[in-house]
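Data block below; observations after.
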2 protein chains.
Amino acid sequence: MFSKACEYGIKASIFIAINSFENKRVSPKEISEEIDSPTAFTAKILQALVRHNIIDSVKGAYGGFEIDKKRISSIKLSQIVNAIDGDKIYKGCGLGLHTCGEEHPCPVHDKFKVVRTELKDMLENTNLEELALDIKSGVAFLKI
Amino acid sequence: MFSKACEYGIKASIFIAINSFENKRVSPKEISEEIDSPTAFTAKILQALVRHNIIDSVKGAYGGFEIDKKRISSIKLSQIVNAIDGDKIYKGCGLGLHTCGEEHPCPVHDKFKVVRTELKDMLENTNLEELALDIKSGVAFLKI
DNA sequence: TTTAATTAGGACAAAATTATCTTAATTAAA
DNA sequence: TTTAATTAAGATAATTTTGTCCTAATTAAA
Ligand code: SF4
Ligand code: SF4
């Protein structure tokens, strides 16, 4: 469904959000330990998220990754997915015809677009805050 | 969403079904031309579909790939997907935790399972016959 | 039975994704 | 200003996926 990079990106963002609520910055090492991902690879993904203005980085002593508290509730899952996997999950799908769409559909188009639309809506209507709260409350987990 | 191999497998199965309705066997070359896929790679996928008893192969002169006409309407999209991509699309999903499920969900589980279930139901309720008919009637396309 | 046609299978190659390592650039604190 | 801490970036490697090629096995027809 999503690439590994995207999975790590989502989990990392959630962990950063949790810590940002407590005014703490976190390092790639802490993040990768918490979300059970390879550290250096995770660091690359964090760079991409910074470039896409989803998270912020502060270099130097006492630096790390953070998200402005006020923005956490406005960051949608779709932004993270889009930053890392691009828009193929919304556009190219099903049988991956080069030219697809209503006028030139592949055989599964009608059935597929229902699912795709639901996925899109879900990603666009889920924000980082609610995901972070589920972790804090112990309702959901980031690893194992 | 699906692997390339799976996309090719679905399209190939549809093309074989169309021809089987007319009692024609088709070769990997014809198939790959019709679905715009690499021939040798497609041949590998056809082998896998044969091993999974989704399509049949006949060697020698006038041989090729076919599907028993009577079975076409009973072959579900889910069988093809499962034969090539396995069950990860139903089981592992979302954030890909090693141990997932209701008792140990990842943060997106509740939202994700709705989409996943819908995808599963769609795949299990779509059969090769209806897809083949859409191609024959010119409503849908296999390439470009 | 021989032959030609055809799928099956294995070895190999290319490309994409995932992962690691080293060094550079930056920055806050001392 | 110097230093230590930290992210950024680039080079490289491992793995997986995708794709190619050659030969073997099978089989129907001649
Ligand atoms: S025709 Fe529809 S289902 Fe098929 S690849 Fe295009 S957008 Fe996806
Ligand atoms: S917890 Fe649910 S959504 Fe998350 S990986 Fe497991 S099955 Fe998928």
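We name chains A, B, ... by the order of the sequence lines, and we start the count at 1 in each one. Note that the coordinates shown come from a computational prediction; the quantities given were computed from them, not determined experimentally.
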Between N or O atoms, less than 3.5 Å apart, protein on one side and nucleotides 2-7 of chain D on the other: list the pairs.
| from | atom 1 | to | atom 2 | distance (Å) |
| --- | --- | --- | --- | --- |
| dT6(D) | O4' | G60(A) | O | 3.3 |
| dT7(D) | O3' | S57(A) | OG | 3.2 |

Here the pair of heavy atoms bringing D134(A) nearest to P107(B) is OD2-O, 4.1 Å
Close side-chain approach of P28(A) to F65(A), heavy-atom, < 4.5 Å: yes
In terms of side-chain geometry, is the basic nitrogen of E7(B) or K11(B) positioned less than 4.0 Å from the acidic oxygen of its partner? no
Tell me which of R25(A) and A5(A) sits closer to the 5' end of DNA chain C, going by the nucleotide each one is nearest to. A5(A)
More than 12 heavy atoms of other residues, nucleotides or ligands under 6.0 Å from NZ of K120(B): yes or no? no
Can you measure I35(B) atom CD1 to dT18(D) atom C1' for me and round it to whole angstrom units? 14 Å
What's the CD1-C1' distance between I45(A) and dT17(C), to the nearest Å? 11 Å
Take the protein atom CG of D56(A) and the nucleotide atom C1' of dT27(C), then report the distance between them rounded to whole Å. 16 Å
Measuring to OP1 and OP2 of dG19(D), would you say a side-chain N or O of Y8(B) lies under 4.0 angstrom away? yes
Partner of D121(B) under side chain to side chain contact (heavy atoms under 4.5 Å, CB included), chosen from T117(B), L123(B), L119(B): T117(B)
R25(A)/E66(A) salt bridge by N-O under 4.0 Å criterion: yes
Mind telling me whether H104(B) and F141(A) have parallel, tilted or perpendicular rings, with 30° and 60° as the class edges? parallel
Should we say atom NZ of K136(B) is surrounded by more than 12 heavy atoms from elsewhere, each under 6.0 Å from it? yes
Protein-nucleotide distance (I31(A), atom CD1; dA8(D), atom P), rounded to Å: 11 Å
Ion pair E30(A)/K24(A), N-O distance below 4.0 Å: no
Can you tell me how far P of dT17(C) sits from CD of E7(A), to the nearest Å? 15 Å
Using Watson-Crick and G-U wobble pairs with both distances under 3.5 Å, what is the 5'-to-3' dot-bracket string of DNA chain D, with [ ] for crossing pairs and | for pairs outside the strand? ||||||||||||||||||||||||||||||
So F112(A) and F2(B), would you call those rings parallel, tilted or perpendicular, with 30° and 60° as cut-offs? perpendicular
E66(B) atom CD is separated from dT27(D) atom P, nearest whole Å, by 13 Å
Quick one: which protein N/O atoms are closer than 3.5 Å to N/O atoms of nucleotides 10-17 of chain D? Pair and distance per line, please.
| from | atom 1 | to | atom 2 | distance (Å) |
| --- | --- | --- | --- | --- |
| dG10(D) | N7 | K44(A) | NZ | 2.7 |
| dG10(D) | O6 | K44(A) | NZ | 2.6 |

Does R51(B) place a side-chain N or O at less than 4.0 Å from the phosphate oxygens OP1/OP2 of dT7(C)? no
Out of curiosity, K69(A) NZ to E22(A) CD, how far, rounded to the nearest 0.5 Å? 9.0 Å
